Amino acid sequence: MAVTTTPRRFPEGFLWGAATAAHQIEGSPMADGAGPSIWTRFAHTPGMTVNGDTGDVACDHYNRWKEDVALMASLGLKAYRFSVSWSRILPEGTGRVNQKGLDFYSRLVDELLSKGIEPLLTLYHWDLPAALDDRGGWLNRDIADWFAEYGSVMYRALDGRVKKWVTLNEPWVVTDGGYLHGALAPGHRSKYETPIASHNLMRAHGAAVKAYREIGKHEIGLVVNIEPKYAATESAADLAATKRAHAYMNEQYLDPAILGHYPPELKNEIFGDAWPEWADEDYALIKQKLDFIGINYYTRSVTQATDSYPLKAGAVRQKLGTYTETGWEVFPQGLTDLLVWAKDRYGNIPTYITENGAAFFDPAVAEEGRVRDPLRMGYLKKHLTAIRDAIDQGCDIRGYMVWSLLDNLEWSLGYSKRFGIVHVNYGTQERTPKDSARWYSKAIASHGASI
Ligand SMILES: OC[C@H]1NNC[C@@H](O)[C@@H]1O
Ligand SMILES: [Ca+2]
């Protein structure tokens with residue numbers, strides 16, 4: 001007798017979508033009165049990006065936004081996560097509002113709503129106005145007020161049409177990449193600046209949530225990239241390194257935001273005298289009620305003790321592992337483990353997977369207009385199955401945004417890494433849904449049953 005396993009479905013109202021970010025897809029960074037961001041500045045600094053790639057054109061979404069929304073509708077997306085470029089709205093970062101910049105996002109939101117696609121708006125996805133970086137940027141405590149001012153402009157303009165707001169995208173990457181290792185804008189390399197930037201990001205997050213509670217009537221949350229750390233061996237050194245790496249990447253942001261304190265490893269085992277003593281009112285500002293959290297998941301890290309600075313921990317490449325083009329191990333079980341960990345530690349807050357996806361080498365568009373990307377399809381299938389496992393273990397997962405809708409600017413890696421379920425020909429700007437997009441459309445239409 002054939003065993004028919006009824007496919008486990010996703011919860012009613014599960015939000016199926018795709019994610020992008022302003023600087024990675026829009027192009028035209030200085031159009032219509034916009035001011036430069038730190039990424040416009042950084043990418044135009046020789047040597048900072050692969051091939052000197054910049055966001056000057058990207059996917060030309062600033063001009064092609066209407067066709068891109070039509071593309072989302074053709075794929076059957078129920079939601080679209082995007083970010084707003086702060087310096088289009090406030091060219092100097094604070095004060096004067098650039099109405100044309102605001103109009104771009106207002107038109108985009110109206111088009112999404114007209115197609116029945118729910119907008120999820122991220123206020124900060126790394127493109128800080130250069131004018132604010134000139135005033136210290138994330139190292140200046142005043143940035144909490146600057147960010148709340150920017151958020152308030154957006155809340156007043158769009159709240160109601162936008163009902164799910166995100167303050168920050170991945171504060172860990174902003175600080176680890178932008179202030180410790182210097183691979184990302186603004187390209188600093190300081191163990192002393194890193195905790196200050198990190199803390200001010202979280203203060204700004206808190207200030208923006210507080211401002212939302214005054215102005216907004218819907219939901220706001222925080223998006224973090226977290227990555228489960230598995231000890232390479234049971235040695236004391238590797239176990240301690242794994243605990244440090246876990247505190248530094250996974251606990252450093254959700255702990256203050258939800259629990260009101262930092263993991264002790266940050267001061268005691270990682271930053272030492274570089275860790276300032278923060279005032280109590282800072283913790284009170286950071287810890288604001290969240291309506292949801294967003295988790296961006298890509299990979300795990302098998303961790304060992306190393307002499308890396310200042311973490312003294314590093315990843316061990318897995319001999320039998322499968323790796324993506326960005327060098328990340330494909331490990332879907334890590335997503336299940338991580339979601340259960342977050343549920344247990346933070347109290348099962350409504351959670352969206354706000355990014356998940358992979359860069360694999362894709363063949364060029366075939367003559368019949370197909371892009372065969374079986375590895376990406378397999379990656380998405382495995383991770384959606386891992387999410388369903390977490391839901392079966394009681395995790396309150398409300399939606400999934402694949403990273404990314406389009407091939408786009410992968411920051412310092414330029415256009416060399418393709419994460420899109422839709423192929424972009426950067427010469428012609430032609431969009432071609434890959435096999436993974438067609439597969440994802442079926443998954444959405446079948447409410448996950450076809451996975
Ligand atoms: O590296 C892939 C993605 N990760 N999260 C942030 C996004 O901006 C990246 O493109
Ligand atoms: Ca801990």
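Bear in mind that the values here come from a model prediction, so they are computed numbers and not experimental data. Both ligands and their constituent atoms are indexed starting at 1 by order of listing.
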**Asked** Is it true that D282 and R141 have a side-chain N and a carboxylate O under 4.0 angstrom from each other?
**Response** yes
**Prompt:** Between Y230 and G334, what is the shortest heavy-atom contact and its length?
**Reply:** OH-CA, 3.3 Å
**Item:** Partner set under ring pair (Phe, Tyr, Trp, His ring centres under 6.0 Å) for Y323, not counting sequence neighbours
**Value:** none
**Asked** Can you list every side chain to side chain donor-acceptor pair (under 3.5 Å) pair that touches residues 44-53, not counting sequence neighbours?
**Response** H44-D56
**Message:** Out of the candidates K243, R244, H246, Q252, only one should pair with E265 under the side-chain hydrogen bond (donor to acceptor under 3.5 Å, both in side chains) rule; please name it.
**Reply:** K243
Find all protein N or O atoms under 3.5 angstrom from an N or O atom of ligand 1 and list the pairs with distances, or write 'none'.
| unit_1 | atom_1 | unit_2 | atom_2 | d |
| --- | --- | --- | --- | --- |
| ligand 1 | 1 (O) | E410 | OE2 | 2.6 |
| ligand 1 | 4 (N) | Y298 | OH | 3.4 |
| ligand 1 | 4 (N) | E355 | OE1 | 3.2 |
| ligand 1 | 5 (N) | E170 | OE1 | 3.2 |
| ligand 1 | 5 (N) | E170 | OE2 | 2.8 |
| ligand 1 | 5 (N) | E355 | OE1 | 2.6 |
| ligand 1 | 8 (O) | Q24 | OE1 | 2.7 |
| ligand 1 | 8 (O) | H125 | NE2 | 2.8 |
| ligand 1 | 8 (O) | W411 | NE1 | 2.8 |
| ligand 1 | 10 (O) | Q24 | NE2 | 2.9 |
| ligand 1 | 10 (O) | W403 | NE1 | 3.2 |
| ligand 1 | 10 (O) | E410 | OE1 | 2.7 |

**Fill in**
The side-chain contact (heavy atoms from CB on, under 4.5 Å) partners of R161 (sequence neighbours excluded) come to S106, V109, D110, L113, L158
